[in-house]
Amino acid sequence: MDKMDHINIQQVLEQTVQETVSEAEKGEVASYIPELARQDKRRLGISVCLKDGTLLSAGDAHLPFTLQSISKIFSLMVALCEHGERYVFERVGKEPTGDPFNSIIKLETIKPHKPLNPMINAGAIAVAGMIPGATVEKRLEKIMRLLRKMTGNPELRVNYDVYQSEKQTADRNRALAYFLKESKILSGDVEETLDLYFRHCSIEVTTVEVARLAAILAADGYDIVSGEQLLPREVARICKTFMVTCGMYNASGEFAIDVGIPAKSGVAGGIMASVPQRMGLGVFGPALDEKGNSVAGVKLLQRLSDMWDLSIF
Ligand SMILES: NC(=O)CC[C@H](N)C(=O)O
């Protein structure tokens with residue numbers, strides 16, 4: 001890409017954000033985690049990390065938000081790197097559910113009671129249980145270390161207020177976790193594993209960082225900025241596949257047709273989207289649709305995908 005292309009991409013980003021920001025009116029910020037309800041629903045920002053590492057941003061790209069479910073990709077990476085595929089997929093499945101991300105229903109009806117995939121809450125709590133370490137801090141450190149390396153931001157931290165807010169209100173996640181313990185998917189201290197899960201969901205980022213994470217996944221684990229292979233290709237491939245099949249909760253099929261980019265969203269309003277071999281995108285728009293995806297964020301990605309022909313299908 002030469003400089004002209006960059007100027008052109010920048011203009012498209014700015015214009016498309018402007019044209020899409022009003023979509024936020026159709027959604028609402030998440031309120032089941034009280035601290036998230038304080039976000040301003042009219043925000044919309046995007047960053048793009050191109051193949052050569054160039055970063056371009058538009059709108060509210062520098063506003064911090066918490067990863068929430070986007071972090072499930074990175075806890076899965078750590079679990080896969082620590083234990084290998086076999087161990088991980090003996091405890092969590094590979095199939096989409098068609099149910100909301102916090103649903104408990106299939107966990108009980110399907111036998112054995114193993115969560116259907118690592119992108120729903122039950123699956124991600126099972127994955128958190130696989131992250132080894134003597135204390136919650138040491139276990140969290142494994143995820144933070146990976147994220148700091150991938151984002152190039154050594155200052156990355158947990159938003160304490162969001163973490164506390166979720167911890168105090170997480171009755172549904174507690175119910176899922178105790179069910180998993182009873183089903184022997186989780187062993188050890190359930191509260192500690194929940195604590196790790198709440199903390200990794202509350203890691204604070206901006207779209208710039210999310211675009212970098214997405215770009216590394218797009219490049220099969222290779223980081224053009226540091227020139228290092230930061231994770232095995234196979235792990236990157238598994239994560240991108242889950243992004244396609246389960247990344248946008250029970251709207252993943254619709255998103256695959258309308259946008260066609262492997263993506264993972266979170267209830268704070270973030271979306272991480274990886275266009276294989278081309279670019280990583282980080283989007284933030286806290287107004288959510290009824291399935292928990294950023295309304296304006298999805299629309300923005302749809303418009304860019306149409307314009308730049310980004311669908312992988
Ligand atoms: N969909 C999400 O982003 C959910 C993550 C959130 N921390 C929860 O467990 O409910």
Side-chain angles (χ1 to χ4, degrees), residues 27-39 64-76 92 96-105 107 115-129 131 136 140 143 147 158-180 186 190-205 207 210 213 239 242-243 245-252 255 263-273 282-295 297-298:
E28 291 304 330
V29 293
S31 55
Y32 76 102
I33 298 175
E35 193 63 23
L36 294 183
R38 291 158 48 105
Q39 301 190 107
F65 61 96
T66 50
L67 279 173
Q68 297 301 333
S69 276
I70 300 172
S71 66
K72 293 169 179 171
I73 291 287
F74 303 95
S75 53
L76 177 65
V92 64
T97 65
D99 296 324
F101 60 83
N102 58 358
S103 177
I104 198 162
I105 189 157
L107 199 53
L116 275 167
N117 69 68
M119 300 295 112
I120 51 172
N121 288 10
I125 293 167
V127 170
I131 313 280
V136 176
L140 179 70
I143 302 172
L147 280 167
V158 167
N159 179 319
Y160 189 78
D161 294 338
V162 175
Y163 153 63
Q164 279 297 327
S165 180
E166 177 165 5
K167 194 177 163 101
Q168 283 156 15
T169 54
D171 297 323
R172 172 80 74 115
N173 283 330
R174 264 196 189 89
L176 291 169
Y178 280 96
F179 189 90
L180 290 171
L186 275 186
V190 178
E191 288 299 327
E192 277 188 17
T193 287
L194 279 166
D195 197 55
L196 173 62
Y197 171 78
F198 302 143
R199 290 197 211 199
H200 75 60
C201 283
S202 304
I203 295 169
E204 196 164 70
V205 289
T207 58
V210 175
L213 296 167
C239 291
F242 276 126
M243 287 159 75
T245 56
C246 323
M248 304 298 283
Y249 319 124
N250 46 333
S252 298
F255 187 86
K264 181 76 206 87
S265 67
V267 284
I271 306 176
M272 171 175 79
V283 178
F284 172 56
L288 308 179
D289 62 23
E290 67 288 350
K291 290 183 175 165
N293 293 312
S294 168
V295 192
V298 168

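Order of listing sets the numbers, starting from 1, for every ligand and every atom in it.
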Between L180 and L107, is the side-chain contact (heavy atoms from CB on, under 4.5 Å) condition met? List the steps.
CA-CA 9 Å; L180 290 171; L107 199 53; 4.0 Å; yes
is_close_aromatic(F198, Y163), centroid dist under 6.0 Å
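Aromatic pair excluded; centres sit 6.0 Å or further apart.
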Under 3.5 Å, is there a donor-acceptor pair between the S75 and K72 side chains?
no
Between N121 and N173, a side-chain donor and acceptor under 3.5 Å:
yes
Are the side chains of T66 and I203 in touch, meaning some heavy atoms are under 4.5 Å apart?
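SC-SC contact between T66 and I203 ruled out.
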Closest non-hydrogen protein atom to [atom], residue and atom name please, with distance?
| atom | answer |
| --- | --- |
| atom 7 (N) of ligand 1 | Q68 OE1, 2.6 Å |
| atom 9 (O) of ligand 1 | Y197 OH, 2.6 Å |
| atom 10 (O) of ligand 1 | Y32 OH, 2.6 Å |
| atom 4 (C) of ligand 1 | S69 OG, 3.2 Å |

Considering non-hydrogen atoms only, spot the tightest contact between [X] and [Y] and give its length.
| X | Y | value |
| --- | --- | --- |
| K291 | A251 | CD-CB, 3.8 Å |
| I125 | L186 | O-CD2, 3.7 Å |
| R172 | S103 | NH1-CA, 3.9 Å |
| L140 | V158 | CD2-CG2, 3.9 Å |

Check E166 against ligand 1 and report side chain, backbone, both or neither, counting heavy atoms closer than 4.0 Å.
side chain
Heavy atom under 4.0 Å from ligand 1: found in N102's side chain, backbone, both, or neither?
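Looking at N102 and ligand 1, no heavy atom falls under 4.0 Å.
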So, regarding K72 and ligand 1 (criterion: nitrogen or oxygen to nitrogen or oxygen, under 3.5 Å), is there a contact or not?
no
Side chain or backbone, does F101 bring an N or O within less than 3.5 Å of an N or O on ligand 1?
no
Numbering as shown, the atoms of ligand 1 that approach [X] to under 4.0 Å (heavy-atom distance):
| X | answer |
| --- | --- |
| N173 | 8 (C), 9 (O), 10 (O) |
| G266 | 3 (O) |
| C201 | 7 (N) |
| Y249 | 1 (N), 2 (C), 3 (O) |

Any G292 heavy atom less than 4.0 Å to ligand 1
no
Is the shortest distance from a heavy atom of N121 to ligand 1 less than 4.0 Å?
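Under 4.0 Å: yes for N121.
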